[in-house]
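Written below as structure tokens is the structure these notes are about.
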Protein chains: 2
Amino acid sequence: MSETGLTFSPEIELRLDEAARLCAERGVTLTPLRREVLGLVLSSEQPIGAYALLDRLRRRRRGAAPPTVYRVLDFLRALGFVHKVERLNAFVGCPSASNYVGHDQGHAVQFLICTRCGRVTETEDDAIAAAIADAAERHGFRQMRATVEIEGICRACVG
Amino acid sequence: MSETGLTFSPEIELRLDEAARLCAERGVTLTPLRREVLGLVLSSEQPIGAYALLDRLRRRRRGAAPPTVYRVLDFLRALGFVHKVERLNAFVGCPSASNYVGHDQGHAVQFLICTRCGRVTETEDDAIAAAIADAAERHGFRQMRATVEIEGICRACVG
DNA sequence: CTCGTCAATGTTATAATATAACGCGTCAAG
DNA sequence: CTTGACGCGTTATATTATAACATTGACGAG
């Protein structure tokens with residue numbers, strides 16, 4: 001009857017389709033492997049580490065190795081589909097990848113990391129970005145990108 | 001005649017003395033090992049990785065091992081004498097440790113990371129801190145600390 | 001004194017994260 | 001048809017960090 005069926009939830013498949021479209025626009029390819037890795041990242045409630053990703057990937061692709069996932073993550077980050085949370089050495093899907101600009105930067109994002117539930121919320125706060133740009137300028141510093149990771153307890157956890 | 005001589009430059013020895021004083025105030029001890037590690041971090045022009053630190057430490061202490069430096073770094077970070085630069089997995093001395101407040105936080109600091117010369121400048125920008133606090137609050141997020149790391153080209157390098 | 005306790009460090013092993021380097025197949029341009 | 005770029009496989013290794021347990025020395029209670 002049916003084929004393998006959808007690998008991911010319909011919502012995520014939609015986002016993957018959108019990502020494929022954006023890739024095509026930029027003259028690059030969202031290969032099956034890349035699509036699968038992105039789907040796994042997007043499916044994770046929490047930031048996912050490269051090796052956790054690798055484990056999950058291996059359920060479907062025998063022989064996947066660290067370079068497999070790191071290469072794909074590099075690709076996805078360069079396109080802005082995925083971000084790395086430095087504090088956690090883990091990766092999150094970008095909720096607004098259509099805003100894409102460039103190499104894991106472009107739209108200045110910040111993360112709210114809940115140390116209780118482990119979830120990470122991405123924001124794009126212009127006031128923070130402006131304050132940072134301003135501070136950089138005052139130091140005569142030519143800013144390329146900024147990492148902003150706020151740790152604490154999220155609304156849901158704090159009750 | 002003289003003994004071993006000063007391990008570090010006079011300026012750094014002064015800062016180490018000050019650190020020892022602050023430790024005493026807080027009822028903890030800046031042991032010789034801790035003093036030496038802090039001196040090494042302060043002596044480094046650039047952020048220094050734990051294993052680079054370990055190498056240098058070994059010149060004077062045979063048998064130093066990774067836990068040796070990680071434990072000391074934890075101690076120094078808890079006191080605010082040292083910060084970790086997450087983007088680099090490396091450590092910098094805090095220029096204003098007298099402002100100490102607590103566990104590698106307290107006074108909200110930001111880093112300006114020059115990707116050309118590798119130097120890192122620490123700042124304490126209230127506008128950034130305020131913008132972050134404000135954004136957190138708007139998300140109903142109880143902020144505990146924030147990592148802000150700005151990458152680009154420093155004044156000296158950009159000319 | 002001497003015992004217990006604690007902070008500090010030593011010691012061994014291993015976990016977790018990330019990259020280097022090379023090979024191989026496909027496919028399109030020339 | 002061959003050359004070069006891309007995508008991925010494969011093996012090995014580098015880098016960063018922690019777990020777990022042992023030893024030492026200082027110091028107060030008894």
Side-chain angles (χ1 to χ4, degrees), chain A residues 19-20 23-24 26-38 40-41 44 46-79 81-92 104 118 147 149, chain B residues 19-20 23-24 26-38 40-41 44 46-79 81-92 104 118 147 149:
Chain A
C23 282
R26 294 187 48 81
V28 296
T29 313
L30 191 69
T31 63
L33 174 63
R34 289 165 177 172
R35 185 182 173 104
E36 191 152 359
V37 170
L38 179 54
L40 287 170
V41 174
S44 177
Q46 302 179 356
I48 184 168
Y51 281 76
L53 211 42
L54 179 55
D55 282 346
R56 298 190 191 179
L57 188 59
R58 277 184 166 142
R59 293 176 195 163
R60 316 187 106 256
R61 305 212 165 221
R62 290 190 349 186
T68 311
V69 324
Y70 280 105
R71 276 192 298 232
V72 171
L73 286 171
D74 285 347
F75 173 88
L76 296 171
R77 289 173 69 191
L79 286 160
F81 295 142
V82 162
H83 296 300
K84 180 173 185 182
V85 182
E86 299 289 342
R87 281 299 293 245
L88 306 176
N89 294 319
F91 302 86
V92 292
D104 201 0
T147 301
E149 298 179 358
Chain B
C23 282
R26 296 188 46 81
V28 295
T29 313
L30 191 69
T31 63
L33 174 64
R34 289 166 177 170
R35 186 182 172 104
E36 191 150 0
V37 170
L38 179 54
L40 287 171
V41 174
S44 176
Q46 303 180 357
I48 184 168
Y51 281 75
L53 212 42
L54 179 55
D55 281 346
R56 299 190 190 179
L57 188 59
R58 277 183 165 143
R59 294 177 193 164
R60 316 187 105 257
R61 305 212 165 223
R62 291 190 346 188
T68 311
V69 324
Y70 280 105
R71 277 193 297 233
V72 170
L73 286 171
D74 285 347
F75 173 88
L76 296 172
R77 290 174 67 191
L79 286 159
F81 295 141
V82 162
H83 296 300
K84 179 174 185 181
V85 182
E86 299 289 343
R87 281 298 291 247
L88 306 177
N89 294 319
F91 302 86
V92 291
D104 203 1
T147 300
E149 298 179 357

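Residue numbers begin at 1 in each chain, while the letters A, B, ... track the order of the sequences.
- Here the P atom of nucleotide C:dG10 and the CZ atom of B:Arg62 are 12 Å apart, to the nearest Å.
- We find that CG of A:Leu73 is positioned 15 Å from C1' of D:dC8, with the value rounded to whole Å.
- The interatomic distance linking A:Phe75 (CZ) with D:dC6 (P) rounds to 12 Å, in whole Å.
- Side-chain N/O atoms of B:Asn89 include none lying less than 4.0 angstrom from OP1 or OP2 on D:dT15.
- Of the possible polar contacts, none joining the A:Ser44 side chain to the A:Val41 backbone as a donor-acceptor pair under 3.5 Å is found.
- Side chain of B:Arg35 to backbone of B:Leu30: no donor-acceptor contact under 3.5 angstrom is found.
- Side-chain atoms of B:Glu149 come within 3.5 Å of backbone atoms of B:Glu86 as a donor-acceptor pair (strictly under, hydrogens ignored).
- Between B:Arg58 atom CZ and C:dT11 atom P the separation is 11 Å, expressed in whole Å.
- In this structure, the CG atom of B:Leu54 is 15 Å from the P atom of C:dT9, given to the nearest Å.
- Atom-to-atom, OH of B:Tyr51 to C1' of C:dA18 comes out at 14 Å; the value is rounded to the nearest Å.
- If you check distances only, the side chain of B:Tyr70 never reaches the base of D:dA19 with a donor-acceptor pair under 3.5 Å.
- B:Arg71 has its CZ atom 8 Å from the P atom of C:dT9, to the nearest Å.
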